[in-house]
Amino acid sequence: MKPQREVSDLLVDRRWNGNTGIGRYSRELIPRISPLIAGYLDDGDPVSMKQMGLSLIKGCRFTKFYSPGYFPLLGNIRQFITIHDLILLKPEIVGISKSIFFNKIVLPRIKDGQVQVITVSKSSQQEISEWANIESENISIVPNGLSLDIIQAGKKLAIYRPPKSLVFVGNMKKHKNYLLFVEAVNMLPGSWNINVVGPNLDSHLLHTRHNVQSYTNITDRELAQIYARSSILVNTSSYEGFGMSFLEGGYLGCRIVHLGVLPTVEEILGQDSFHTGGSNSAKDLSDLIHQVSRENQIHESRRYLADTYSWDTSGQILKRALSDS
């Protein structure tokens with residue numbers, strides 16, 4: 001009689017690692033749950049058809065699976081996935097095929113309880129609860145956190161910064177509305193110091209009277225330095241599950257200007273921000289930026305954010321969620 005094959009416990013998907021929001025979440029949290037982990041998925045695109053088959057074969061050797069991204073395994077083992085937001089339900093942003101795939105493949109497995117959802121904010125928890133028709137208490141919140149480099153920068157901030165200094169952190173995806181930012185900034189009177197951070201952001205669209213610096217693929221230490229020399233963070237996004245720039249820029253003393261359509265801003269910063277009241281008019285946004293720049297420019301770290309949003313704390317919450325189920 002052959003000895004019974006030992007079944008390992010937790011398989012974790014590291015294929016999401018990269019220079020994205022999900023990639024950072026994965027890089028920060030997976031090492032913090034390492035004592036629970038029996039194996040990893042490491043190679044390839046987690047949503048490619050080939051990888052789906054290979055993942056299914058490997059997953060048979062484990063009793064649990066966790067992914068820091070939105071895609072579960074196709075097998076029948078107990079699964080946990082982090083859904084950061086429901087942008088995949090918006091075909092006008094991600095395309096019809098991805099939206100249909102998410103609704104037809106992922107949603108039914110969440111509804112039948114085979115896949116348990118983890119998310120990043122109270123706002124995304126409520127949105128997912130309504131979408132999947134499951135109780136919000138069954139969706140664990142494991143938020144993003146501040147990196148050590150960002151926290152260290154917050155301990156030595158300059159109190160005064162040039163009032164006409166802005167930072168934009170994002171990309172060219174439709175919901176980030178970079179062109180709205182460009183239009184509003186080009187209406188600002190005088191010359192401003194503008195920092196744009198993110199892939200494929202065309203800094204040449206900004207008026208030549210402004211002093212524009214563009215950054216991609218930078219470290220957290222470099223990002224902290226950009227926040228720390230910017231008086232105002234401008235965010236024109238119309239949809240976010242969390243909003244890392246609000247957390248990081250807010251912690252590092254930036255005044256926050258946004259459109260007023262994201263509940264996550266109030267969740268992170270309370271009433272400590274400025275918004276256009278939902279208007280996506282470039283004129284309204286430009287006027288608000290100019291108004292905010294004329295106020296007293298004393299910048300202090302919002303220290304309470306480091307206590308609330310810690311990767312170590314989030315790691316402990318994730319470990320409990322994976323262990324208790």
Side-chain angles (χ1 to χ4, degrees), residues 13 15-16 18 20-26 29 45-49 51-52 55 65-74 79-144 169-180 198-200 235-247 258-268 275 278 280 318 321:
D13 196 342
R15 294 172 299 177
W16 296 89
T20 64
I22 296 178
R24 175 187 291 198
Y25 191 88
S26 176
L29 287 178
D45 180 353
V47 297
S48 75
M49 294 303 295
Q51 286 299 315
M52 289 178 199
S55 301
F65 172 73
Y66 169 65
S67 172
Y70 57 83
F71 195 75
L73 291 183
L74 296 182
Q79 302 194 43
F80 305 80
I81 62 173
T82 297
I83 298 180
H84 297 250
D85 55 50
L86 290 182
I87 199 167
L88 286 171
L89 299 182
K90 300 180 181 296
E92 70 277 11
I93 296 177
V94 301
I96 294 176
S97 60
K98 283 186 178 180
S99 183
I100 292 175
F101 180 81
F102 196 56
N103 268 301
K104 297 297 185 182
I105 302 297
V106 179
L107 175 58
R109 308 189 69 201
I110 294 171
K111 284 188 171 183
D112 68 18
Q114 184 180 356
V115 175
Q116 184 168 330
V117 177
I118 294 164
T119 193
V120 294
S121 68
K122 292 179 182 178
S123 302
S124 58
Q125 181 194 52
Q126 184 61 37
E127 188 178 22
I128 293 167
S129 171
E130 294 173 357
W131 163 66
N133 194 27
I134 56 178
E135 295 295 328
S136 59
E137 302 83 57
N138 294 330
I139 303 172
S140 299
I141 298 176
V142 180
N144 290 275
V169 180
N171 52 53
M172 287 300 296
K173 292 179 180 178
K174 185 176 180 180
H175 66 288
K176 299 291 185 178
N177 294 310
Y178 175 66
L179 296 182
L180 172 60
N200 305 317
N235 186 299
T236 50
S237 182
S238 59
Y239 184 77
E240 297 288 340
F242 185 82
M244 279 299 292
S245 66
F246 296 117
L247 175 60
H258 59 105
L259 302 182
V261 297
L262 302 176
T264 56
V265 183
E266 185 171 346
E267 187 174 330
I268 295 170
H275 61 80
N280 61 356
L318 181 58

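Sequence positions, counted from 1, serve as the residue numbers for this chain. All values below come from the heavy atoms of this structure, side chains included, with hydrogens, waters and symmetry mates left out.
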- Task: Please name all residues satisfying salt bridge (charged side-chain N to carboxylate O under 4.0 Å, His left out) with Asp85, sequence neighbours left out, ordered by chain then number.
- Result: none
- Note on the structure: Pro72 and Val106 have their tightest heavy-atom pair at CD-CG2, 4.0 Å
- Item | Between Ser123 and Glu267, a side-chain donor and acceptor under 3.5 Å | yes
- Message: Does this structure show an ion pair linking Lys176 with Glu240, if we count only N-O contacts that are shorter than 4.0 Å?
- Response: yes
- Task: With sequence neighbours excluded, tell me which residues meet side chain to side chain donor-acceptor pair (under 3.5 Å) with Ser124.
- Result: Thr119, Ser121
- Query: Taking C-beta and beyond as the side chain, do Leu88 and Tyr70 meet within less than 4.5 Å on heavy atoms?
  - Reply: yes
- Can you find a pair of side-chain heavy atoms, one from Ser67 and one from Thr82, that are under 4.5 Å apart? no
- Note on the structure: Closest non-hydrogen atoms of Ile118 and Leu318, given as atom of the first, atom of the second and distance, are CD1-CD1, 3.5 Å
- Query: When rounded to the nearest 0.5 angstrom, what distance separates NZ in Lys122 from CD1 in Ile139?
  - Reply: 14.5 Å
- Does Gln79 use its side chain to pair, donor to acceptor, with the backbone of Leu73 at less than 3.5 Å? yes
- Taking Ser245 for its side chain and Val169 for its backbone only, find out whether a donor-acceptor pair lies under 3.5 Å. no
- Message: Any heavy-atom pair between the side chains of Tyr178 and Asn200 that's under 4.5 Å?
- Response: no
- Message: Set out, in order, the CA-CA distance, both residues' side-chain angles and the distance that settles ring pair (Phe, Tyr, Trp, His ring centres under 6.0 Å) for His84 and Tyr25, then state yes or no.
- Response: CA-CA 10 Å; His84 297 250; Tyr25 191 88; 4.6 Å; yes
- Item | side-chain hydrogen bond (donor to acceptor under 3.5 Å, both in side chains) contacts in which one or both residues fall within residues 132-143, not counting sequence neighbours | none
- Just how far is it from atom CD1 of Ile268 to atom CZ of Phe242, taken to the nearest 0.5 Å? 4.0 Å
- Message: So which atom in Ile110 and which in Ala132 form the shortest heavy-atom distance, rounded to 0.1 Å?
- Response: CG2-CB, 4.0 Å
- Counting N and O atoms only, with roles assigned by atom type, does the side chain of Asn235 sit under 3.5 Å from a partner on the main chain of His258, one being a donor and the other an acceptor? no
- Query: Using 30° and 60° as the class limits, which term best fits the ring planes of Tyr239 and His175: parallel, tilted or perpendicular?
  - Reply: perpendicular
- With a 4.5 Å limit on heavy-atom distance, are the side chains of Asp13 and Phe65 in contact? yes
